[in-house]
Amino acid sequence: MPPDAATPAVADHGEMSRTAGGWWPADAEELQDLQRRLGLLRPPPWHPGTSPHDLAAAAVVHDPDEGGRAWAGAVLVRGRRMLAAQAVAGAVHGPYLPTLRSARDGPLLVTALEALGRRPDVVLLAAAGRDHPRHAGLALHLGAVLGLPSIGLTDRPLSATGPVPGPVRGDTAALVLDGVEVARRVRTATGVRPVVAHAAWRTTGEVAAALLLAGTRGARTPWPLREARRLAREARGRG
DNA sequence: GCGACAG
DNA sequence: ATCTTGTCGC
């Protein structure tokens with residue numbers, strides 16, 4: 001990605017300053033503090049324009065039998081077109097800890113996204129955004145560090161609560177945390193279990209839901225994310 | 001008893 | 001995440 005990827009745009013949107021652990025502190029206390037500060041930022045909202053936007057999706061898979069190795073796949077798409085695809089291998093440090101996933105997967109996801117060579121308009125990750133105890137899940141964290149609008153997708157909410165949407169593709173229902181909408185349950189296909197579209201860096205639940213539906217025709221989850229995950233698994237298979 | 005805070 | 005088992009649709 002561009003040179004400024006190393007100088008996160010977070011700094012432009014508040015009193016953010018990097019901690020001793022950088023943007024991906026390994027120390028839990030330090031990461032929690034960073035999450036609290038990220039969660040308070042209110043960067044200008046981004047909306048996909050009428051012109052076609054480039055979306056990047058990235059996913060990471062881990063070594064089945066521990067080992068600390070991991071692989072990440074990333075794709076850059078515009079509409080139904082695939083513009084770029086990359087897979088990278090790397091080492092992962094700590095174990096997975098609920099609410100602290102960014103410490104483990106953030107750096108490798110950034111590496112994969114930067115390998116695409118071009119900056120997208122928005123980033124999609126299988127992760128939570130503002131639906132997080134400290135309002136800064138991995139999707140928001142990564143978007144802030146990269147200075148790119150981001151959205152997240154998960155099977156279920158992390159901390160937010162709300163009703164189930166109607167049964168038809170396109171039906172949505174707000175998920176609220178601390179009185180504000182942080183995500184939306186979205187029926188991406190008629191008759192299937194809804195997914196959760198997460199507002200993250202510079203995005204709303206509405207935008208997250210719209211982008212998710214746009215990348216989802218027939219399947220329950222958006223094809224760019226499935227493709228990114230496939231690339232990561234493929235790379236793992238090669239060693 | 002297990003999980004109930006993403007993967 | 002990954003694995004297993006169960007269900008559903010083509």
Side-chain angles (χ1 to χ4, degrees), chain A residues 24 26 28-29 31-32 34-36 38-39 57-74 87 89-113 123-145 150-162 164 167 169 175-178 182-201 203 205 208 212 217-222 225-226 228-237:
Chain A
W24 308 106
E29 298 283 309
L31 174 56
Q32 287 171 348
L34 177 58
Q35 288 174 334
R36 273 185 284 268
L38 285 171
V60 47
V61 299
H62 296 87
D63 192 330
D65 31 68
E66 300 305 317
R69 290 189 305 164
W71 294 263
V92 98
H93 295 294
Y96 164 72
L97 297 172
T99 80
L100 300 175
R101 185 152 84 98
S102 52
R104 184 223 215 180
D105 295 341
L108 192 58
L109 286 167
V110 168
T111 300
L113 288 165
V123 179
L124 165 64
L125 301 168
R130 308 204 100 103
D131 172 16
H132 182 279
R134 292 168 293 283
H135 312 292
L138 171 58
L140 182 145
H141 189 151
L142 187 144
V145 169
S150 61
I151 62 172
L153 168 70
T154 66
D155 266 351
R156 52 182 185 277
L158 190 53
S159 304
T161 58
V164 171
R169 167 173 162 84
L175 285 164
V176 173
L177 177 62
D178 296 331
V182 294
R184 252 136 108 144
R185 286 195 147 104
V186 180
R187 193 78 66 174
T188 51
T190 301
V192 307
R193 176 168 40 103
V195 298
V196 179
H198 295 263
W201 186 246
T203 55
L212 226 55
R217 14 117 273 221
R220 190 172 84 103
T221 58
L225 202 48
R226 293 205 314 276
R229 186 168 277 137
R230 191 191 66 72
L231 287 165
R233 287 205 193 97
E234 186 178 83
R236 178 177 61 184

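Throughout, a chain's letter reflects where its sequence line sits, starting with A, and its residues are numbered from 1.
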*Check each of A/Leu140, A/Leu138, A/Leu109 against A/Ser102 using the side-chain contact (heavy atoms from CB on, under 4.5 Å) test, and report the only one that passes.*
A/Leu138
Which atom pairs link the protein and nucleotides 6-10 of chain C when you take only N or O atoms and keep those under 3.5 Å?
none

*Would you mind telling me which of A/Val61, A/Val60, A/Val92 makes a side-chain contact (heavy atoms from CB on, under 4.5 Å) with A/Trp71?*
A/Val61
_Flag, side chain of A/Arg185 to backbone of A/Val196, donor-acceptor distance under 3.5 Å_ = no
*Do the side chain of A/Arg134 and the main chain of A/Gly39 share a donor and acceptor less than 3.5 angstrom apart?*
no
*Pairwise P distance, B/dA4 and C/dA1 [rounded to whole Å]*: 16 Å
*Sugar-phosphate means primed atoms, P, OP1 and OP2; the rest is base. With that split, encode nucleotides 2-7 of chain B 5' to 3' as B, S or - using protein heavy atoms under 4.0 Å.*
---BBB
*asked:* Can you tell whether the side chains of A/Arg184 and A/Asp131 come within less than 4.0 Å, N to carboxylate O?
replied: no
*For A/Gly162 against A/Leu175, the heavy-atom pair lying closest together*: N-CD2, 3.4 Å
*For A/Val123, does its backbone N or O pair with a side-chain atom of A/Ser150 as donor and acceptor, under 3.5 Å?*
no
_Side-chain donor or acceptor of A/Arg236 paired with backbone N/O of A/His62 under 3.5 Å_ = yes
